[in-house]
Amino acid sequence: MSTLKAVRGTRDLLPPETALWNRIEETARRVFARYNFGEIRTPVFEDTALFARGVGEETDIVSKEMYTWEDRARAASEKSQSLTLRPENTAGVVRAYIEHKLGETGQLQKLYYIGPQFRRERPQKGRYRQFSQIGAEVIGPPSSGSESPLRDAEVLEMLATLLDELGITGWTLNINSVGSSADRARYNEVLRAALKDVAPKMCVDCQRRAVTNPLRVLDCKVPEDQPYIEALPKISDSLDEESKKHFAAVTAALDAAGVPYVRNHRLVRGLDYYTRTTFEFTHGGLGAQNALLGGGRYDGLSEAIGGPKAPGIGFAIGEDRLVLTLLAQETAAAAKVDAFLAPLGEELNPAALALARELRRAGLSAELGDGSFRLKKSFEAADKTARRIVILGEDELASGILTVKDFATGTQTKVPRAELAEFLRKSSGE
RNA sequence: GCGGCUAUAGUUCAGCGGCAGAACGCCUGACUGUGGCUCAGGAUGUCGUGGGUUCGAUCCCCACUAGCCGCCCCA
């Protein structure tokens, strides 16, 4: 019988890497809280129609990457229903916003989420079929200020802060405005017309894109095509006055806050619901999937799925890519426990458990050796997992004076049992 | 979904149509309550899965699966 394995595009996360995941999530929660975001948890699967209407029927995500199944009726009173594992979380959050009438509060809603998403793509570095996103949405009725360019700038400033606090160095913020959907449609035609003459001189991919999806030409990475692309009309020239003003206000606020960014006229990627501000934080060393996070404004999304007017802006961080970046960046020293308890002889095992209980209840982390180990083996095991070793032999048990050796300094100390927790805590610098 | 590369020990990888290898890691001893260094010894394993060619396949061929790289798309 063949052995069972994690299915393609999914994987197990094991220690010590999971410690990094936890650190990232804790940092994100801490930073989000400072900006007054609250956590929202939406279901992992939703009605298929939500994504079709929200993300866009024509996007690759919806047309070929979703895990969709027919949830069949089990009783005459039930109807079967098409369900889909969420490929992203914004649509779910907006659905919940509408369902719970959060707009009726009149308050701006600032919501964040952390959780798995699912897309049936070919797996690659930084791209998995089950992947985790950390995202947030700022959404509300126009009267709550949800449409303000200040919200865009605040979100971008928060992301810059988050990446800095995570210790990600060398990120780049690319921003652009794709305007209203009418602006985008207009630009599409302008681009298509401009490409008629130029495309034949470009790569085969671009020749195809010029016809099927002109905006994608802007993503082309072929060096020879770059001069042609630079000469194409820019989307900024197709924006209406209001969108131009909005974008200028976003960049003005970023300038004032000192958040560095690059105006990238070629950043047009995104799902159907994006309007006006779009952005992406990229990082070298991620290969083809160099986007750490992406997002933008979606002023028409709520209405597209049957809700009230509720402009918003949000982003999604690829948590898997964050982990890859941090792993490549640092030689994460494995965290070590405060003490390793080494009982000398199996008859001392019970006493060792009792001592471990004392330390752990005092809030210290401890690993428990075994009395069958020879002292040398205890030392070797201890040095790998702990900062210090606490020796518990007959003498120590009888006298109540324990022997503690610190691996970093090599110093050995006799410590009365009653003072042990305090001693360990102090010499940990806590 | 398309193209390319890869799959051998816990890990990183070498290898050859004829008994399965190195380094690191692991275990044991020198060393019975003091580790890291050293020395001596030991175990690593369905050579990804299934088929084919062959006297004989880990090696050659085919298929499948998985990973990586690129395309597509996206986080």
Side-chain angles (χ1 to χ4, degrees), chain A residues 1-11 14 55-56 58-65 86-90 114-135 159 203-206 208-209 212-213 215-216 219-222 267-271 274 278-283 286-296 314-325 340 342-345 348 369 371 373-386 388-397 403-408 410-412:
Chain A
M1 189 169 23
S2 62
T3 52
L4 292 167
K5 300 188 296 187
V7 306
R8 185 170 203 199
T10 71
R11 62 216 177 104
L14 308 170
V55 178
E58 301 307 316
T59 61
D60 277 20
I61 291 179
V62 172
S63 63
K64 41 189 191 199
E65 295 176 359
R86 62 184 185 200
E88 56 96 60
N89 218 327
T90 298
I114 299 175
Q117 318 292 336
F118 307 84
R119 290 182 203 173
R120 198 180 186 293
E121 297 178 278
R122 178 104 163 222
Q124 223 177 96
K125 183 178 188 177
R127 177 202 280 176
Y128 309 98
R129 290 182 171 184
Q130 174 177 332
F131 57 102
S132 180
Q133 287 189 334
I134 300 175
L159 284 166
C203 69
V204 287
D205 283 329
C206 282
R208 176 176 44 75
R209 292 171 182 135
T212 60
N213 196 348
L215 291 182
R216 290 283 151 249
D219 287 333
C220 178
K221 292 166 195 131
V222 177
L267 179 69
V268 293
R269 44 198 358 177
L271 314 179
Y274 284 133
T278 57
F279 57 87
E280 200 174 85
F281 281 74
T282 57
H283 193 277
L286 274 173
Q289 274 66 47
N290 68 344
L292 271 178
L293 69 93
F315 61 85
I317 304 171
E319 192 175 2
D320 304 73
R321 294 181 186 176
L322 221 45
V323 169
L324 283 175
T325 303
F340 181 100
L344 297 183
L348 285 158
F373 294 174
R374 283 174 46 188
L375 190 57
K376 176 191 161 102
K377 182 169 171 175
S378 286
F379 263 84
E380 286 171 349
D383 197 19
K384 281 175 196 128
T385 57
R388 312 178 199 77
I389 185 168
V390 175
I391 296 166
L392 182 64
E394 295 292 354
D395 298 347
E396 283 82 358
L397 189 61
T403 305
V404 180
K405 185 159 184 179
D406 187 296
F407 289 120
T411 55
Q412 189 159 312

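A note on names: the letters A, B, ... follow the listed sequences, proteins ahead of strands, and every chain is numbered from 1. Keep in mind the model is a prediction, meaning the values are calculated, not measured.
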Could you state the atom-to-atom distance from CG of A:Asp60 to C1' of B:C2 in whole Å? 13 Å

Could you report the tightest heavy-atom contact between A:Gln130 and A:Pro116, atom names first, then the distance? NE2-CB, 3.6 Å

Syn/anti state for B:C19 [syn: chi within 90° of 0]: syn

What is the nucleic acid contact for A:Gly9, judged by heavy atoms within less than 4.0 Å: base, sugar-phosphate only, or nothing? sugar-phosphate

Starting at CZ of A:Phe373 and ending at C1' of B:G33, how long is that distance when rounded to a whole Å? 16 Å

Is any side-chain N or O of A:Gln124 closer than 4.0 Å to OP1 or OP2 of B:G67? no

If we take the C1' atom in both B:A7 and B:G15, what is their distance in whole Å? 15 Å

Roughly, in whole Å, what's the span from OH in A:Tyr128 to C1' in B:A75? 12 Å

Please walk me through it: do A:Ile114 and A:Glu319 pass side-chain contact (heavy atoms from CB on, under 4.5 Å)? CA-CA 9 Å; A:Ile114 299 175; A:Glu319 192 175 2; 4.0 Å; yes

Begin from the C-alpha positions of A:Gln412 and A:Thr403 and carry the test side-chain contact (heavy atoms from CB on, under 4.5 Å) through to its verdict. CA-CA 7 Å; A:Gln412 189 159 312; A:Thr403 305; 3.2 Å; yes

For a quick check, tell me whether the side chain of A:Glu396 and the base of B:G33 share a donor-acceptor pair closer than 3.5 Å. yes

Without decimals, in angstroms, what is the distance between A:Arg11 CZ and B:U65 P? 22 Å

Would you indicate, yes or no, if B:G29 has its OP1 or OP2 atom less than 4.0 angstrom from a side-chain nitrogen or oxygen of A:Arg374? yes

Between the protein and nucleotides 36-40 of chain B, which nitrogen or oxygen pairs are less than 3.5 angstrom apart?
none

NA contact type, A:Ile317, heavy-atom cut-off 4.0 Å: base, sugar-phosphate, or nothing? nothing

For a 4.5 angstrom cut-off between non-hydrogen side-chain atoms, does A:Phe131 reach A:Arg321? no

Distance-only donor-acceptor hits, side chain of residues 376-386 of chain A, under 3.5 Å, sequence neighbours excluded:
from, atom 1, to, atom 2, distance (Å)
A:Thr385, OG1, A:Ala381, O, 3.1

Does B:C26 have OP1 or OP2 under 4.0 Å away from a side-chain N or O of A:Lys384? yes

Less than 4.5 Å apart, side chain to side chain, heavy atoms only: is that true for A:Thr278 and A:Val268? no

Please work out if A:Leu292 contacts a base, only the sugar-phosphate, or nothing of the nucleic acid, heavy-atom cut-off 4.0 Å. sugar-phosphate

Starting from C1' on B:C74, measure out to CZ on A:Arg120 and report it in whole angstrom. 16 Å

Whether the side chain of A:Arg122 and the base of B:G3 hold a donor-acceptor pair under 3.5 Å is what I'd like checked. yes

How would you label the contact of A:Gly126 with the nucleic acid (heavy atoms, under 4.0 Å): base, sugar-phosphate, or nothing? base

P-based separation of B:U53 from B:C74 [nearest Å]: 48 Å

Within the sub-3.5 Å range, which N or O atoms of nucleotides 7-13 of chain B have a protein N or O partner, and how far apart are they?
none

On a whole-Å scale, what distance lies between the C1' atoms belonging to B:G36 and B:G21? 29 Å

Pick the closest RNA chain B nucleotide for A:Gln412 and for A:Arg321 by heavy atoms, then say which residue is nearer the 5' end. A:Gln412

What one should report as the nearest heavy-atom pair of A:Gln117 and A:Pro87 is CB-O, 3.9 Å

What's the verdict on side-chain contact (heavy atoms from CB on, under 4.5 Å) for A:Ile317 and A:Leu159, showing C-alpha distance, side-chain angles and the deciding distance? CA-CA 9 Å; A:Ile317 304 171; A:Leu159 284 166; 4.1 Å; yes

Residue whose closest nucleotide on RNA chain B lies nearer the 5' end, A:Thr10 versus A:Glu319: A:Thr10

Worked verdict on A:Arg8 versus A:Arg122 for side-chain contact (heavy atoms from CB on, under 4.5 Å): CA-CA 9 Å; A:Arg8 185 170 203 199; A:Arg122 178 104 163 222; 3.8 Å; yes

Looking only at side-chain atoms of A:Glu121, point me to the closest of B:G35, B:C73, B:A66. B:C73

Taking the P atom of each, how far is B:C60 from B:A30, in whole Å? 47 Å

Identify, with sequence neighbours excluded, every residue that meets ring pair (Phe, Tyr, Trp, His ring centres under 6.0 Å) alongside A:Phe281. A:Trp171

Taking all heavy atoms of A:Leu267 and all of A:Phe279, pick out the closest pair and write down the distance. CD2-CA, 3.6 Å

Round to a whole Å and report the spacing from CZ of A:Arg127 to C1' of B:G67. 14 Å

Give A:Ser132 one of three labels, base, sugar-phosphate or nothing, depending on what nucleic acid heavy atoms sit under 4.0 Å from its own. nothing

With a cut-off of less than 4.0 Å, is there a side-chain N or O of A:Lys377 near OP1 or OP2 of B:U34? no

A:Glu88 meets the side-chain hydrogen bond (donor to acceptor under 3.5 Å, both in side chains) criterion, sequence neighbours left out, with A:Tyr273

Based on Watson-Crick and G-U pairs with both distances under 3.5 Å, what dot-bracket line describes RNA chain B 5' to 3', crossing pairs as [ ] and inter-strand pairs as |? (((((((..((((....[..)))).(((((.......))))).....(((((..]....))))))))))))....

Tell me: CD of A:Gln130 to P of B:A75, nearest whole Å? 17 Å

Between A:Arg388 and B:U34, does any side-chain N or O lie under 4.0 Å from OP1 or OP2? no

Taking all heavy atoms of A:Glu394 and all of A:Leu348, pick out the closest pair and write down the distance. N-CD1, 3.8 Å

Distance, rounded to the nearest Å, where A:Ile114 contributes CD1 and B:A75 contributes C1': 15 Å

B:U38 and B:G56: how far apart are their P atoms, nearest whole angstrom? 48 Å

Once you apply a heavy-atom cut-off of 4.0 Å, does A:Asp320 come out as touching a base, just sugar-phosphate, or nothing? nothing

Minimal non-hydrogen separation, A:Gly410 against A:Lys405, with atom names: O-CE, 3.5 Å

With distance as the sole criterion, do the side chain of A:Arg119 and the base of B:A75 form a donor-acceptor contact below 3.5 Å? yes

Considering all heavy atoms of both residues, which atom of A:Asp320 and which atom of A:Ser132 are nearest to each other, and what is their separation? OD1-N, 2.8 Å

Using the P atoms only, state how far B:C47 lies from B:A20, rounded to an integer number of Å. 10 Å

P atoms of B:C24 and B:C39, separation to the nearest Å: 10 Å

If the P atom of B:G48 is compared with that of B:U8, how far apart are they to the nearest Å? 6 Å

